[in-house]
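Report on the following structure.
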Amino acid sequence: MIFDLTDEQKMIQDMARDFAAKEVAPKAAEIDKNHRYPAELVAKMAELGLMGMMVPEDQGGAGMDTVSYVIALEEISAACASTGVIMSVNNSLVCDPLQRNCTPEQVEKFLKPLASGQKLGCFGLTEPNAGSDAAGQKTTAVPDGDSWVLNGSKNFITNGNEADTAIVFAMTDKEQGTRGISAFVVEKGTPGFSIGKLEDKLGICGSSTAELVFEDCRIPKDNLLGKVGEGFKIAMVTLDGGRIGIASQALGIARAALNASKQHALDRVQFGKPIARLQAIQWMIADMATKLDSARLLAYRAAYLKDKKVRFSREAAMAKLAASEAAMWISTKAIQVLGGYGYTKEYPVERNFRDAKITEIYEGTSEIMRLVIAMSELS
Ligand code: CAA
């Protein structure tokens, strides 16, 4: 494994860092405060090729590798974690499964507009009674003539409120268990498909988290993604990639919190010297930097393996586990380093702390990550 970034990866890092510093960071506090979906930033990310980074250019994407995606997503998330997750879901949970499973007609109809960022997507797997136990799908899809008819609901769906296109998992044969789940593409505006409850959340307040409701929702037969019964595997392979995305989002949050801590430690004078000269602070900064670097190396490794097209479930789970727990730990310590200032909305670390928590939950909790790692270690 090579640790140096290629010239192309460095270029992408510079581009994403520049965009994040000039256009994303100045708006992050306002987006968080007003719970505002950053439509103008998503449009700009589309222009920059950040919404379908790993999709080949002839399919509407930017044709980059997964390491480039990790690098760019860390930069965007360091500025604004809400903007980061919008980007992550479109890339990892929508474009990736489409790219792997679309027919040539579906590439034209669904993938190209999503990979170019003209449209936005969401991933409908979770249900009120199918969270960590993703196989417990209650939504059904029944064939009827030239259509599938969907009934049920999905919840906690990132981008759900704004998405033009949803990938939806539903039970097509209950008797078959995980092999009875199939994947579908459902477009906004389809009769019988509506948006239900919108969640009011602790963090990532600029991204929507919505309920998707299907009531006798009739979609064309051609909107089946992959084959009947392949849905669960499509979802699991997709989530392996998604976990690399969330690891990258967590890296960004953690880095922002560490940078704020370093700046404050150098500026803040107590007992006649900058607090950066106190060992109590130095040890916190050292542990923060070590946890961040360890997690980043795991994320790069998982991305590298994904690009090599070998199974990377274990490595993606390790990267997400390490990066999300690092983000939570580092942002907690950041508030400690900033003291009373850190607890106020005047400084970004309280937002980092609130945004970090979700990375330990969505796209597989830390407990599910440990389960995936243990199953691999013990098999
Ligand atoms: N890659 C390929 N195949 C896989 C796989 C993977 N990563 N994981 C499982 N499979 C296959 C298995 O090999 C098995 O195949 P066979 O039928 O051929 O034997 C099949 O899938 C069933 O596997 P399991 O028996 O292991 O399935 P399980 O029901 O025990 O579940 C689990 C395993 C790891 C707990 C899984 O349910 C899981 O990952 N749960 C967490 C779900 C999750 O991450 N949800 C997040 C939703 S997305 C989100 O957060 C919303 C958002 O908008 C951000």
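All ligand and atom numbering here is 1-based and tracks the order in the structure.
Electrostatic pairing of Glu315 and Lys306 does not count as a salt bridge here, judged by no charged N lying under 4.0 Å from a carboxylate O. Under a 4.0 Å N-O distance rule, the pair Arg100/Glu230 does not qualify as a salt bridge. At a threshold of 4.0 Å, the pair Glu23-Lys44 counts as salt-bridged, since one of the basic side-chain nitrogens sits closer than that to a carboxylate oxygen. Here Arg17 pairs with Glu75 in a salt bridge; the nearest charged N to carboxylate O distance falls below 4.0 Å. Ion pairing between Glu350 and Arg354 holds under the 4.0 Å rule for side-chain N and carboxylate O.
A donor-acceptor pair is defined here as one N or O able to donate and one able to accept, closer than 3.5 Å; no such pair exists between the side chain of Thr344 and the backbone of Gly340. Formation of a donor-acceptor pair under 3.5 Å by the Asp96 side chain with backbone atoms of Thr238 is not found in this model. Of the possible donor and acceptor atoms, one in the side chain of Asn90 sits under 3.5 Å from a partner among the backbone N and O of Met51. The backbone N or O of Thr158 sits nowhere less than 3.5 Å from a side-chain atom of Thr209 that would complete a donor-acceptor pair. Using modelled atom types, no side-chain atom of Ser77 and backbone atom of Glu74 make a donor-acceptor pair closer than 3.5 Å. Checking side-chain atoms of Asn223 against main-chain N and O of Val186 turns up no donor-acceptor pair under 3.5 Å. In terms of modelled atom types and a separation under 3.5 Å, the side chain of Ser116 and the main chain of Pro113 share a donor-acceptor contact.
Heavy-atom separations between Gly131 and ligand 1 include at least one value shorter than 4.0 Å.
When every heavy atom of Gln137 is checked against every heavy atom of Leu125, the shortest pair comes out as NE2-O, 3.0 Å.
Residue-ligand proximity, Ser313 to ligand 1, at heavy-atom distances under 4.0 Å covers atoms 7 (N). Under a 4.0 Å criterion applied to the non-hydrogen atoms of Leu371, ligand 1 contributes the atoms 35 (C). Each of the atoms 47 (C) of ligand 1 lies under 4.0 Å from some heavy atom of Thr126. Counting atoms of ligand 1 from 1 in the listed order, those under 4.0 Å from a heavy atom of Leu239 are 43 (C), 44 (O), 48 (S). Taking every non-hydrogen atom of Ala135 and a distance limit under 4.0 Å, the qualifying atoms of ligand 1 come out as 29 (O).
In this structure, atom 36 (C) of ligand 1 has a protein heavy-atom contact shorter than 4.0 Å. Counting protein heavy atoms under 4.0 angstrom from atom 11 (C) of ligand 1 gives one or more. For atom 30 (O) of ligand 1, the nearest protein heavy atom is 4.0 Å or more away.
The nearest protein atom to atom 2 (C) of ligand 1, hydrogens excluded, is given as Val237 CG2, 3.7 Å; this is a heavy-atom distance. Closest protein heavy atom to atom 17 (O) of ligand 1: Arg179 NE, 2.9 Å. The protein heavy-atom contact nearest to atom 44 (O) of ligand 1 is Arg243 NH2, 2.8 Å. Among all non-hydrogen protein atoms, the one lying nearest atom 15 (O) of ligand 1 is Lys233 CE, 3.2 Å. Among all non-hydrogen protein atoms, the one lying nearest atom 34 (C) of ligand 1 is Val372 CG2, 4.0 Å. The protein non-hydrogen atom at the shortest distance from atom 7 (N) of ligand 1 is Asp240 OD2, 2.9 Å. Among all non-hydrogen protein atoms, the one lying nearest atom 26 (O) of ligand 1 is Met375 CE, 4.6 Å. Given atom 6 (C) of ligand 1, the protein heavy atom at minimum distance is Arg311 NH2, 3.1 Å.
Residue contacts with ligand 1: Asp133 is placed with no nitrogen or oxygen under 3.5 Å of a nitrogen or oxygen of the ligand (distance criterion only). The shortest N or O to N or O distance between Glu363 and ligand 1 is below 3.5 Å. For ligand 1, the polar-atom distance check against Ile368 finds no nitrogen or oxygen pair separated by under 3.5 Å.
Counting non-hydrogen atoms of other residues, nucleotides and ligands closer than 6.0 Å to CD of Glu40 gives a total above 12.
Comparing Leu125, Val89, Thr158 against atom 52 (C) of ligand 1, the shortest heavy-atom distance belongs to Thr158. Relative to atom 21 (O) of ligand 1, the option among Phe169, Phe232, Phe156 with the closest non-hydrogen atom is Phe232.
Only the backbone of Ser132 comes within contact range of ligand 1, with a heavy atom under 4.0 Å; no side-chain atom does. Proximity of Val85 to ligand 1, defined as any heavy-atom pair under 4.0 Å, is not found for any part of the residue.
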